[in-house]
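Please read the structure below before turning to the comments.
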Protein chains: 2
Amino acid sequence: MDVTEPVTLKTLAGELGLNVSTVSRVINAEPGTEAKWASPATIRRIQELAHERGYARNPHAASLRTSRSDLVGVIVPRLQDYVLATIYEGIDAAAEASGRVTVVANSLDDPARQRLRTESLLARRVDGLIFGDAHQDSPYLDELAARGVPLTLVSRRRAGHVSVTCDDIAGGRLAATHLVSTGRRRFAVIAGARYASTTLDRVGGFLAVLAEHGIGESEVDLHYTGFDAPAGQRAIADILGTDTRPEAVFAVNDFAAIGAIGALQKRGISVPDDIAVVGYNDTPIAQAVNLTTVRSPMIEMGRLGFDKLLALIDKEAVDSERLTPEFVVRSTA
Amino acid sequence: MDVTEPVTLKTLAGELGLNVSTVSRVINAEPGTEAKWASPATIRRIQELAHERGYARNPHAASLRTSRSDLVGVIVPRLQDYVLATIYEGIDAAAEASGRVTVVANSLDDPARQRLRTESLLARRVDGLIFGDAHQDSPYLDELAARGVPLTLVSRRRAGHVSVTCDDIAGGRLAATHLVSTGRRRFAVIAGARYASTTLDRVGGFLAVLAEHGIGESEVDLHYTGFDAPAGQRAIADILGTDTRPEAVFAVNDFAAIGAIGALQKRGISVPDDIAVVGYNDTPIAQAVNLTTVRSPMIEMGRLGFDKLLALIDKEAVDSERLTPEFVVRSTA
DNA sequence: ACGTATGCCGCAAACGTTTGTGTGCTGATG
DNA sequence: CATCAGCACACAAACGTTTGCGGCATACGT
């Protein structure tokens with residue numbers, strides 16, 4: 001089975017008594033402009049035969065000729081992370097809409113792996129790259145930009161690059177404002193990794209509001225761990241190990257928050273009566289477990305990140321963007 | 001910037017005074033067999049210059065010539081689903097190890113979208129496909145196989161196709177055996193979609209054990225919903241709407257289980273004292289919230305699914321495989 | 001009637017590989 | 001000494017597109 005010869009432009013042209021160039025032009029013309037290339041009758045014949053034979057352009061041949069692949073690479077820390085998976089979904093939706101295809105790879109937030117997978121994608125001749133794993137302390141992105149590789153950042157930002165992020169400073173402020181206004185004065189923060197702008201900005205915004213209420217950074221119990229549930233559990237173990245117990249915990253990630261809640265409940269500590277917990281991102285799990293959290297527009301970040309990359313590839317001028325977060329009060333704070 | 005001419009075989013050959021064919025053969029020879037193609041001195045010269053100039057094969061040109069892309073397509077219901085994201089991670093790891101690249105797309109379990117995205121990947125000339133979203137009632141996969149497209153299934157199985165799954169019947173049995181042995185007699189099941197073999201097998205195994213203990217299917221409160229947390233919440237609303245309250249709930253998915261637990265707790269029902277809950281897959285969240293669950297080897301499923309696809313592409317004979325699940329007792333049952 | 005514009009289409013080169021076939025050479029063999 | 005078997009490489013075609021450059025009609029303007 002499947003002995004059918006692949007149908008190429010030559011097949012169609014031969015069958016129609018035309019030259020491949022004519023067929024190519026008609027098929028590739030943007031809708032409405034076919035008339036520039038052939039007579040109405042010919043156009044119909046070409047389109048009908050192409051459809052009947054199920055012609056599909058060979059993208060490798062086209063890419064070879066044009067040196068554009070219509071492929072964009074996406075590097076994320078990890079697709080297992082719901083947040084990044086969702087952002088990727090936004091990217092992919094935008095890509096699909098523009099007729100392009102995305103290729104995604106996990107960097108595990110490891111600079112060596114980030115470099116490895118990126119180079120592998122570049123070897124595949126992607127037209128541009130979207131990074132969801134930008135580190136504050138890594139020069140690799142700068143190096144890429146200097147090489148002339150079009151790239152944008154999502155989720156995390158970094159000076160000197162086009163990025164689409166949540167306004168995480170504002171998000172951190174929302175969390176702090178709520179907790180302060182409900183009377184808490186002693187705080188712990190479950191922060192992610194220091195190399196992520198999300199961590200820095202969310203914590204920064206949070207602390208700024210506390211400072212405005214006379215609570216200094218030294219009074220706040222800061223724990224830099226990770227972005228997943230186990231990290232939240234570990235952080236709680238640490239936090240409860242100190243002598244002063246906080247009245248509220250701000251986790252910069254819903255999963256860490258849920259891990260924290262699990263750890264608190266296991267110890268018989270009531271949420272929010274004993275300790276309030278606020279998460280970040282508003283994932284479905286947050287909704288399911290009634291977690292108070294900060295909603296970030298993940299899909300939108302992906303979409304915009306892709307659109308801006310396209311603009312960059314087309315040599316247009318592009319600015320970064322910070323999307324507005326929203327506070328959603330549920331029952332944990 | 002980036003005005004550097006791309007370095008091709010011709011560049012290298014010209015610089016070395018050789019023919020492109022020689023350079024190509026040496027560079028593409030599997031390690032150790034270069035000696036077949038050139039003198040030791042020439043081999044060294046080629047390899048050194050290639051490395052120095054940073055030569056990278058143009059995959060489009062190569063694919064055009066060989067009509068193999070070294071690309072494999074992956075179709076999943078949704079990458080946002082941790083389970084599928086993890087399986088994909090296994091696939092991608094295996095692909096990376098074999099020097100291939102994966103392209104993934106979400107079908108949202110919608111047959112029309114599955115078809116659409118698959119055809120789009122085929123148009124990109126993938127060498128084969130891995131499906132994580134096989135439906136029991138859709139003939140599309142059969143049609144593809146008949147067209148001669150190499151494909152394997154992961155997570156879900158379907159008669160007539162090579163698949164790598166968890167032994168879900170055994171998994172369902174594990175859950176039931178535990179619940180029965182701890183004295184429960186009245187059950188509800190939060191099942192996923194009927195078109196998924198995972199649902200069918202897990203529920204089937206569960207019910208089989210109950211039957212062996214004299215509990216008929218008609219006595220069990222079965223709810224076919226979805227695989228996520230909101231589905232678990234909805235199911236609980238339904239389940240508690242009936243007059244007899246179950247002593248245990250088996251959810252065929254951890255996220256549904258967590259949604260269920262959230263819904264139960266909101267109603268002041270204690271888990272596991274009033275109602276026990278068992279999930280499926282053993283995701284990190286399950287561990288974080290102390291959910292009793294059935295562990296399924298997700299990464300391994302992905303790896304094997306890819307390896308088997310490779311074998312299929314190479315026209316080797318391949319058999320399906322069912323991986324053994326493991327019961328992990330925590331504090332919800 | 002003559003030049004010019006326009007509509008419709010063909011020619012051919014090029015993109016960078018891979019790979020079947022060929023060729024001159026060296027050294028060993030009968 | 002003629003032959004022959006490698007060895008180390010070169011030649012050239014082909015994969016399927018895209019695209020600059022024409023060419024030949026027919027229609028149009030003056």
Side-chain angles (χ1 to χ4, degrees), chain A residues 4-30 32-47 49-50 53-71 99 122-127, chain B residues 4-30 33-47 49-50 53-71 99 122-125 127:
Chain A
T4 51
E5 289 288 295
V7 26
T8 73
L9 285 182
K10 204 196 298 188
T11 319
L12 301 182
E15 211 148 331
L16 291 168
L18 291 171
N19 188 282
V20 291
S21 60
T22 306
V23 181
S24 170
R25 288 190 236 255
V26 168
I27 288 186
N28 285 35
E30 20 205 317
T33 68
E34 302 93 341
K36 288 171 53 182
W37 300 115
S39 71
T42 307
I43 291 175
R44 271 190 61 88
R45 288 172 59 222
I46 292 177
Q47 290 175 337
L49 188 68
R53 288 276 185 282
Y55 169 78
R57 154 195 303 103
N58 183 320
H60 299 120
S63 295
L64 175 58
R65 175 60 226 248
T66 62
S67 63
R68 287 181 330 143
S69 62
D70 286 351
L71 248 42
L122 286 173
R124 289 272 167 182
R125 303 299 201 267
V126 294
D127 293 335
Chain B
T4 50
E5 290 287 295
V7 27
T8 74
L9 286 182
K10 204 196 300 188
T11 319
L12 301 181
E15 210 148 331
L16 291 167
L18 291 169
N19 188 282
V20 291
S21 60
T22 306
V23 180
S24 169
R25 288 191 235 255
V26 167
I27 287 185
N28 284 33
E30 20 204 318
T33 68
E34 301 93 344
K36 289 171 54 179
W37 300 115
S39 71
T42 307
I43 291 174
R44 271 191 61 87
R45 289 174 59 222
I46 291 176
Q47 290 176 337
L49 188 68
R53 288 277 185 282
Y55 169 77
R57 156 196 301 101
N58 183 320
H60 298 119
S63 295
L64 175 57
R65 175 61 226 251
T66 62
S67 61
R68 286 181 330 144
S69 61
D70 286 352
L71 247 43
L122 286 172
R124 287 274 167 179
R125 303 300 202 268
D127 293 334

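Nearest heavy-atom pair across B:S69 and B:R125 is OG-O, 2.6 Å.
Within the 4.0 Å cut-off from OP1 or OP2 of D:dC7, not a single side-chain nitrogen or oxygen of B:S39 is found. Between A:T66 and C:dC15, a side-chain N or O to OP1/OP2 separation shorter than 4.0 Å is absent. The phosphate of D:dC9 has neither OP1 nor OP2 within less than 4.0 Å of any side-chain N or O from B:N19. At D:dA10, one or more side-chain N or O atoms of B:T22 fall inside 4.0 Å of OP1 or OP2 (strictly under the cut-off).
Atom NE2 of B:H60 and atom C1' of D:dC15 are 14 Å apart (whole Å). Distance, B:R68 CZ to D:dG16 P: 16 Å, rounded to whole Å. Here C:dC9 presents its P atom at 15 Å from NZ of A:K36, a figure rounded to the nearest Å. Rounded to whole Å, atom P of D:dT17 lies 9 Å from atom CG of B:L64. Here the P atom of nucleotide D:dT17 and the CG atom of B:N58 are 16 Å apart, to the nearest Å. Across the protein-nucleic acid pair, A:R57 atom CZ and D:dG16 atom C1' stand 11 Å apart, rounded to whole Å. Rounded to a whole Å, the CG atom of A:L9 is 16 Å from the C1' atom of D:dA14. The CD1-P distance, from A:I27 to D:dT17, rounds to 8 Å in whole Å.
Judged by distance alone, the side chain of B:S24 and the main-chain N or O of B:V20 form no donor-acceptor pair under 3.5 Å. In this structure, the side chain of B:T33 does not engage the main chain of B:A29 through any donor-acceptor pair within 3.5 Å.
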Dump the pairs, protein N or O against N or O of nucleotides 20-28 of chain D, anything under 3.5 Å, distances to one decimal.
{"residue": "D:dG20", "atom": "O6", "partner": "A:R25", "partner atom": "NH2", "Å": "2.4"}

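Residue order along DNA chain D, read from the 5' end via each residue's closest nucleotide, puts B:A38 first among B:A38 and A:T8. Residues A:V20 and B:K10 both approach DNA chain C. Their nearest nucleotides, taken by heavy-atom distance, put A:V20 toward the 5′ side.
Side-chain contact between B:I27 and B:I46 is present, with at least one heavy-atom pair separated by less than 4.5 Å.
At the heavy-atom level, A:T42 lies under 4.0 Å from the strands shown only through sugar-phosphate atoms.
Annotation: side-chain hydrogen bond (donor to acceptor under 3.5 Å, both in side chains) contacts of B:T22 (sequence neighbours excluded): none. Annotation: side-chain hydrogen bond (donor to acceptor under 3.5 Å, both in side chains) contacts of B:R68 (sequence neighbours excluded): none.
The one candidate from A:T42, A:L49, A:L12 that meets the side chain to side chain contact (heavy atoms under 4.5 Å, CB included) condition with A:L18 is A:T42.
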